[in-house]
Amino acid sequence: MSSVLYSLGRWAVRARRLVVALWVVALVLVGGAAGLLQQGLDNQVSIPGTESQEALDRLAATFPQVSGASAQVIVVAPDGGTINDDAMRAAIEDGVEDLGDVSQVEVVTSPYDDLMPASVSDDERATLLTIQLDGDQGSITDETKDALGVETEALAQALPAGAEAHLGGQLFSSKFPEMTLTEGIGLLVALVVLVLTLGSLVAAGLPLLNALLGVGASMGLLFAATVLGPINSTTPMLAVMLGLAVGIDYALFIVSRHREQLGKGLDVHESIARATATAGSAVVFAGLTVMIALVGLGVAGIPFLTIMGVAAAVTVGVTVLVSLTLLPALLGMAGERLRPRPSRKERRAAAKAAAAEAATAAAQDDPEATRARVAVAALPEQKPNRFFAGWVRVVTKVPALTVVLVIAGMGALSYPALDLRLALPDAGVMAKEDPARVTYDLVSEHFGDGFNGPLIVTGSIVTSTDPVALMDQIGDEIADLPGVADVPLSTPNESADTGIIQVVPEGGPTSAETEALVREIRSLHDHFLDEYGVDLAVTGFTAVGIDVSDKLGNALLPFALVVVGLSLILLTMVFRSIAVPIKATIGYLFSVGAAFGVVSLVFEHGVFAEALNVTRTGPVISFMPIVLMGILFGLAMDYEVFLVSRMREDYVHGGSAKHAISTGFQGSAKVVTAAAIIMIAVFVAFVPHGDMNLKPIALGLAVGVAVDAFVVRMVFVPAVLALLGEKAWYMPKWLDKVLPSFDVEGEGLTRELSLTDWPEPGATDAVAAGDLEVHGASGTIVGPVSVRVPDGGTLLVQGDATAPVSAFLLAVAGRIKVSGGVAKTAGLVLPERASSARRVVAVVDSAAEDGRPAAAVRRALGDKPKVLVVDGTETVGDLAARAELAQAVAGAQAAGVAVLLGSTGFAATDLAPAGTPVLDVTPGERAGAGAHLAPNADVTEQEVRA
């Protein structure tokens with residue numbers, strides 16, 4: 001992958017004007033599509049298959065008057081008055097009539113109506129008018145909502161002095177979240193951190209621009225997608241929050257790597273390509289993990305949550321695409337302005353060192369050496385970061401103690417999560433001055449909390465001979481249940497086939513008492529069926545919220561198992577270790593537990609609630625845990641990869657395990673720290689004045705990122721690695737072979753670039769191998785072998801067994817992995833470019849061609865390969881078939897295709913021109929021994945050696 005990204009980075013730099021123009025056009029098109037197609041957002045939450053939702057769907061057909069959305073108007077008489085006063089009654093009756101005339105309104109209850117009376121408080125000072133609308137919450141238009149507000153205001157004006165009327169209820173229980181200036185503070189903090197980290201305003205502006213463009217394109221796609229179906233109103237805000245955070249961080253990783261390379265004197269264009277390949281590989285990995293986790297939200301089986309996850313995943317995907325294409329183009333436009341400039345002190349030190357080197361070289365009278373040594377001495381020395389060097393030294397000094405302290409701290413911070421309760425928010429979480437919240441509080445004051453979230457118990461009564469008496473009996477029995485405040489309505493519908501019972505709980509809509517009441521009524525299902533023959537179900541806005549929370553809570557464990565399992569597999573692929581993935585996964589669980597614990601402390605127990613503008617303590621939004629786990633998983637993998645991959649890189653390159661922890665930590669901790677601070681700032685900015693749906697998610701993410709970056713990754717991880725030592729990097733050989741390799745740090749590209757001029761500058765060999773080894777299940781099959789076959793040349797490969805011959809041929813053909821040494825086929829380094837090599841190397845197995853492989857050779861040549869491999873030629877015993885094969889091989893040579901012929905037991909000299917060299921790969925033999933070398937051979941004796 002790093003090779004592909006390297007090529008992409010080089011192309012983006014060369015075509016930078018085209019890339020920028022294409023992205024501008026894309027933004028215009030997406031924005032236009034959003035403006036033309038968008039259908040608005042939806043605040044309705046439903047889960048198909050739950051009891052409450054199925055009952056609500058049945059009511060829509062049998063009792064539509066109570067199945068649609070509803071609103072409430074609370075009317076309160078002046079002190080000392082009642083709603084039965086003449087002035088109050090006249091105004092209320094006129095108001096009920098005017099409200100009933102509003103479009104989409106089905107019916108309005110009245111305290112003076114004997115058939116459908118409105119609720120009246122015990123002191124008769126307040127009445128609660130229920131407005132039943134025709135349609136679900138998502139189908140009620142803004143015009144209808146505005147008209148209800150106008151009529152309620154007119155009613156309030158008509159009431160006598162001191163009386164009041166307020167509009168609220170289910171229809172107004174949630175608001176569309178809005179962006180405020182507070183969220184912009186996060187971007188300002190990010191800009192400051194970027195300037196301090198990158199040391200340049202231009203460099204700092206690029207990650208911000210990268211994130212804003214990615215979010216802009218994503219929002220256009222999201223709003224255009226509303227034409228396909230409803231999207232929850234929280235989805236765009238979640239996508240914006242996540243897109244800004246990862247967009248800035250991903251760009252930071254690439255820009256910081258680019259500036260680091262520029263500081264070492266690398267050419268601008270080459271540095272951009274390498275940064276795109278190395279840091280870009282990690283960005284792709286990090287983005288994929290976030291996207292997989294977000295799409296995995298579909299495990300819960302809840303449509304609105306699945307859409308939320310997909311939308312956020314698309315935002316991350318677009319951000320990754322912008323980071324890999326537009327960002328390199330912008331870096332190319334910035335050019336030399338991003339190259340770090342050494343300080344005055346560093347310049348003086350470098351000049352002094354250069355003068356000393358020049359004097360030394362001049363004394364040796366070697367002008368060339370003088371120039372080289374002066375150039376090297378003039379480069380600024382890469383000094384270790386004293387702060388992070390001290391940090392890693394402290395946390396690894398007594399690693400066992402560090403690990404114990406982290407576990408104890410995380411346990412204490414996670415403990416409050418045991419009290420975390422989930423629910424769908426209602427109007428009670430809105431700002432106290434919000435009209436819907438005013439109505440909510442007045443209803444609680446005059447009627448009790450339960451009137452803000454009544455339950456509906458419904459069932460089919462088609463077999464009843466006295467439906468009115470039946471519903472009265474069931475209603476009376478439910479009214480006697482503990483936790484029931486009132487049963488104001490118990491009636492059949494007009495066709496007497498469906499009955500409903502309105503049940504007012506003593507507790508509020510999100511209280512534990514109301515949840516217990518719903519479960520109590522449902523537990524009596526069989527009783528009502530046996531006693532009355534009625535199949536009752538509990539529904540209504542409150543019951544739907546309880547079912548949503550239950551289903552989300554039940555989905556949490558399966559989702560956690562998926563995420564934890566995924567992290568183990570992905571990190572094992574990346575780090576080729578058993579201990580590192582297990583440690584990383586445990587650290588992720590620490591971060592999640594701490595995030596849940598802090599959210600519980602704030603929203604359940606009220607710690608710092610006022611400072612964070614929490615409007616009401618209590619349950620948090622139902623999908624907070626699963627969304628937080630999904631997003632935090634991807635972000636945690638970011639930090640794990642960027643921090644630990646540097647340690648692994650230093651360890652693989654020969655450093656001791658302990659030294660690699662220190663050097664790797666110092667090399668990446670600064671960027672990880674900056675990235676974490678930026679993410680925390682972006683998330684925290686959504687907390688003070690954010691939407692109450694998003695507020696706990698934003699706070700949980702901010703805490704989770706802080707804990708994961710600064711405690712788990714920068715304290716727990718180094719301590720565990722120091723404790724394990726060399727064992728941290730142990731990987732069973734069988735597992736290493738089974739798992740695919742994921743080169744997130746671009747080690748493969750680094751190797752390719754180092755072999756650019758191997759075996760010599762300008763070499764055009766079809767095949768070149770240096771000390772090549774191929775390992776089989778039982779040990780080494782081939783090697784070490786060194787050989788060169790020029791473009792269009794021929795090589796005979798023989799051995800005393802099939803395995804080594806086939807292994808060598810398939811290895812240089814890119815079909816099996818090269819275990820050691822150096823190998824290039826058609827200029828492509830193996831095994832890094834094996835997939836590309838397979839496209840230019842044709843392989844024919846003579847044993848599988850019924851003794852006549854010539855036809856297969858001719859078919860293979862139709863694909864115009866650069867190299868042709870023909871194995872198993874000893875199986876072609878028929879003289880005519882061998883002659884035909886020789887003719888086909890000659891055709892390949894005439895076409896300029898390099899040919900490698902494999903044979904067991906003897907050299908197939910009759911299939912190739914005289915003088916063709918023979919390479920013997922018999923184990924234990926000197927490869928090339930016995931080769932027939934003629935004066936006009938394409939391969940010299942020196943070039944065919946073991």
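One is the number of the first residue; the rest follow in order along the sequence.
For the pair V703 and V599, the minimum side-chain heavy-atom distance is 4.5 Å or more. Between T325 and W23 the shortest side-chain heavy-atom distance falls below 4.5 Å. Considering only heavy atoms from C-beta on, V283 stays 4.5 Å or farther from T276 through its side chain. Between P619 and F603, every side-chain heavy-atom pair lies at or beyond the 4.5 Å cut-off. By the 4.5 Å heavy-atom criterion applied to side chains, D708 and F590 are not counted as neighbours. Looking at M624 and L420, their side chains come closer than 4.5 Å, going by heavy atoms from C-beta outward. Side-chain contact between V707 and V712 is present, with heavy atoms from C-beta onward closer than 4.5 Å. Counting heavy atoms from C-beta on, the side chains of M679 and I248 never come closer than 4.5 Å.
Between the E604 side chain and the T617 main chain, no donor and acceptor come within less than 3.5 Å of each other. Looking only at distances, no side-chain donor or acceptor of R274 sits under 3.5 Å from a matching main-chain atom of S271. Using a distance-only test at 3.5 Å, with no hydrogens or angles considered, no donor-acceptor pair links the side chain of R257 to the main chain of A275. Remark: side-chain polar atoms of N210 are paired, donor with acceptor, to backbone N or O of G247 under 3.5 angstrom. Under the 3.5 Å distance criterion, the side-chain polar atoms of S662 are left unmatched by any main-chain donor or acceptor of K658. With hydrogens and angles disregarded, a donor-acceptor distance shorter than 3.5 Å links the side chain of S577 to the backbone of A728. Although no hydrogens or angles enter the test, the distance criterion places a donor-acceptor pair under 3.5 Å between the side chain of S414 and the main chain of A594. Although no hydrogens or angles enter the test, the distance criterion places no donor-acceptor pair under 3.5 Å between the side chain of Q666 and the main chain of F388. For the pair R421 (side chain) and G618 (backbone), a donor-acceptor distance under 3.5 Å is absent. Without hydrogens or angle criteria, T402 side chain to V395 main chain gives a donor-acceptor distance under 3.5 Å.
Atom CG in L252 sits 10.5 Å away from atom OG in S323 (nearest 0.5 Å). Note that CG of L721 is 5.0 Å distant from CD1 of I661, once rounded to the nearest 0.5 Å. Note that CD1 of I586 is 5.5 Å distant from CZ of F716, once rounded to the nearest 0.5 Å. Atom CG in D249 sits 11.0 Å away from atom CG in L244 (nearest 0.5 Å). With rounding to the nearest 0.5 angstrom, the CG atom of L601 is 7.5 Å from the CG atom of L413. Between L194 atom CG and I678 atom CD1 the span is 4.0 Å, to the nearest 0.5 Å.
Residues L262 and P340 approach most closely at CB-CD, 3.9 Å, considering heavy atoms. The shortest heavy-atom contact between A719 and T396 is N-CG2, 4.3 Å. Closest heavy-atom contact between L422 and P625: CD2-CG, 3.6 Å. Shortest non-hydrogen contact noted between V295 and A313 is CG2-CB, 3.8 Å. Across all their heavy atoms, S218 and V314 have their closest contact at OG-O, 4.3 Å. Across all non-hydrogen atoms, the minimal contact from L324 to L8 is O-CD2, 3.7 Å.
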- side chain to side chain contact (heavy atoms under 4.5 Å, CB included) between V671 and F253, worked out: CA-CA 7 Å; V671 176; F253 293 142; 3.3 Å; yes
- Would you sort out whether T315 and L242 count as a side chain to side chain contact (heavy atoms under 4.5 Å, CB included), showing the intermediate values? CA-CA 8 Å; T315 301; L242 187 57; 5.8 Å; no
- Task: Dump the intermediate steps for side chain to side chain contact (heavy atoms under 4.5 Å, CB included) on V316 and L288, then the final yes or no.
- Result: CA-CA 9 Å; V316 174; L288 283 176; over 6 Å; no
- Query: Which is it for K583 and Y588 under the side chain to side chain contact (heavy atoms under 4.5 Å, CB included) test, yes or no, and what are the steps along the way?
  - Reply: CA-CA 9 Å; K583 170 266 307 168; Y588 162 69; over 6 Å; no
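Side-chain polar atoms of D419 and S600 form no donor-acceptor pair below 3.5 angstrom.
Among residues two or more places apart in sequence or in another chain, the ring-ring contact (aromatic ring centres under 6.0 Å, His included) test is passed with Y250 by none.
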